[in-house]
Peer 1: 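Sharing a structure, written as structure tokens. Questions coming.
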Amino acid sequence: MSLLLSFTWHQNLVPDQALATVDQAKKSTRKHISISLMKLFLKFLSIFVVAWNTMVDMVSYLASLWFLKDTKTPLSTPSTLGSTGRRIVYKLVSLDDIKLVKNQMGVTVNDVVVGVTQGGLSLYLNNKYGGNNEKVDERSNHLLNNIRLRGCIMINMRLSQLIRDGTKPNWGNKIGHVVFPLTIAIRDDPLDYVRDAKATMDRKKASLEAICTYLMAKFFLPIIGPKVSMDNPL
């Protein structure tokens, strides 16, 4: 009798376990397919975003070469002076201070440097438009609306290479550049300039503008010469 009951219990249990195993396998398969489709969608989405950003950036870049110019400000060089009116202005800052801001905000050194540049230019132009008066309140906004001011950031296009025995490094300049729109505005919080710089920098990183400008320079510079390109800046 015990043997019969044991056999009956075993027979009833096995189908239930088999069904549970089949259901589990189906759920696992559906989950795996869903994850694979999601990864594929995200991959296509990232490719689309990069392609779209690159197209927008290159259209803006070509427009800058032909007709889209910066807003005339006290920083602008008079057209009568040509390239001779250019000046180089620099400021020595502590790298430790920059790294302190970088670490506290979770950004890069470049983000902090560009943010400081945006803040300095904004305050300088605000002072100029305010009558160049030292008593002008820095929080009072005297800036023009929608100032278009762009900078050029150089990008190293050389891939990091491991120099092994018997291999020769590929020497020569491989530099691209991106046209970086500077935020000219008066902010209550100075760190907002760094946040603006990071947002724009992240947007530029999701683009192939630097590669395109590198290839354009590599193709056109031997044809038009460096002097022509210097006399016709962005």
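When a residue number appears, it is its place in the shown sequence, counting from 1.
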Peer 1: Give a yes-or-no answer on whether the side chains of D57 and S60 include a donor-acceptor pair shorter than 3.5 Å.
Peer 2: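 The criterion, which ignores hydrogens and geometry beyond distance, is not satisfied for S60 and D57.
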
Peer 1: Shortest non-hydrogen contact from L121 to I184?
Peer 2: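 Residues L121 and I184, closest heavy atoms: CB-CD1, 4.0 Å.
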
Peer 1: Which atoms form the tightest heavy-atom contact between H177 and Y61, and what is the distance?
Peer 2: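 Heavy-atom minimum between the residues: NE2-OH, 2.9 Å.
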
Peer 1: Got F219 and L215 here, is their nearest side-chain heavy-atom distance under 4.5 Å?
Peer 2: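 SC-SC contact between F219 and L215 ruled out.
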
Peer 1: Short question: side chain of E209, backbone of V178 - any donor-acceptor pair under 3.5 Å?
Peer 2: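 Judged by distance alone, no pair lies under 3.5 Å.
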
Peer 1: Treating K198 as the side-chain partner and Y193 as the backbone partner, does any N or O pair qualify as donor plus acceptor under 3.5 Å?
Peer 2: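 No, because the side chain of K198 does not come within donor-acceptor range (under 3.5 Å) of the backbone of Y193.
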
Peer 1: Could you work out, with side-chain hydrogen bond (donor to acceptor under 3.5 Å, both in side chains) as the rule, every residue matching D192, not counting sequence neighbours?
Peer 2: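 D192 satisfies side-chain hydrogen bond (donor to acceptor under 3.5 Å, both in side chains) with R195 only.
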
Peer 1: With heavy-atom distances below 4.5 Å as the criterion, would you say the side chains of I211 and M157 are in contact?
Peer 2: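 Heavy-atom side-chain distance check passes, below 4.5 Å.
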
Peer 1: Donor-acceptor pair, N53 side chain versus A206 backbone, under 3.5 Å?
Peer 2: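 Pair found, side chain donor or acceptor close to backbone of A206.
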
Peer 1: More than 12 foreign heavy atoms under 6.0 Å from CG of N146: is that the case here?
Peer 2: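 It does not: N146 CG has 12 such atoms or fewer within range.
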
Peer 1: Look up atom CD1 in I98 and atom CG in N103, then write down how far apart they are to the nearest 0.5 Å.
Peer 2: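 Reported to 0.5 Å precision, the distance equals 12.0 Å.
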
Peer 1: Kindly say whether A185 contributes a backbone atom to a donor-acceptor pair with the side chain of S122 at under 3.5 angstrom?
Peer 2: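 It does hold such a pair.
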
Peer 1: With a 4.5 Å cut-off on side-chain heavy atoms, are L123 and I186 touching?
Peer 2: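 Answer yes - side chains close enough.
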
Peer 1: N141 and L143: which non-hydrogen atoms are nearest, and at how many Å?
Peer 2: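 N141 and L143 have their closest heavy atoms at OD1-N, 2.9 Å.
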
Peer 1: So which atom in K204 and which in P181 form the shortest heavy-atom distance, rounded to 0.1 Å?
Peer 2: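 Closest approach of K204 to P181, heavy atoms only: CE-CD, 4.0 Å.
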
Peer 1: Is L75 close to L149 at the side-chain level, that is, under 4.5 Å between some pair of heavy atoms?
Peer 2: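 The answer is yes; the side chains approach within 4.5 Å.
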
Peer 1: Of all residues at least two apart in sequence or in a different chain, which pass the side-chain hydrogen bond (donor to acceptor under 3.5 Å, both in side chains) check with K102?
Peer 2: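 Expected list: none.
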
Peer 1: Are any non-hydrogen side-chain atoms of D97 and V93 less than 4.5 angstrom apart?
Peer 2: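 They are not in contact (no side-chain heavy atoms under 4.5 Å apart), so the answer is no.
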
Peer 1: My understanding is that only one of D111, V114, T183, L182 makes a side-chain contact (heavy atoms from CB on, under 4.5 Å) with D196; could you say which?
Peer 2: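 Among D111, V114, T183, L182, the one that satisfies the side-chain contact (heavy atoms from CB on, under 4.5 Å) with D196 is T183.
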
Peer 1: Would you confirm whether D202, through its side chain, and A199, through its main-chain N or O, come within 3.5 Å as a donor-acceptor pair?
Peer 2: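 Not a single qualifying donor-acceptor pair exists.
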
Peer 1: Once rounded to the nearest 0.5 Å, what's the spacing between atom CE of M55 and atom SG of C212?
Peer 2: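 Answer for the CE-SG pair, M55 versus C212, is 12.0 Å.
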
Peer 1: For S64 versus K69, what's the shortest heavy-atom pair and its separation?
Peer 2: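 Heavy atoms of S64 and K69 come nearest at O-NZ, 3.2 Å.
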
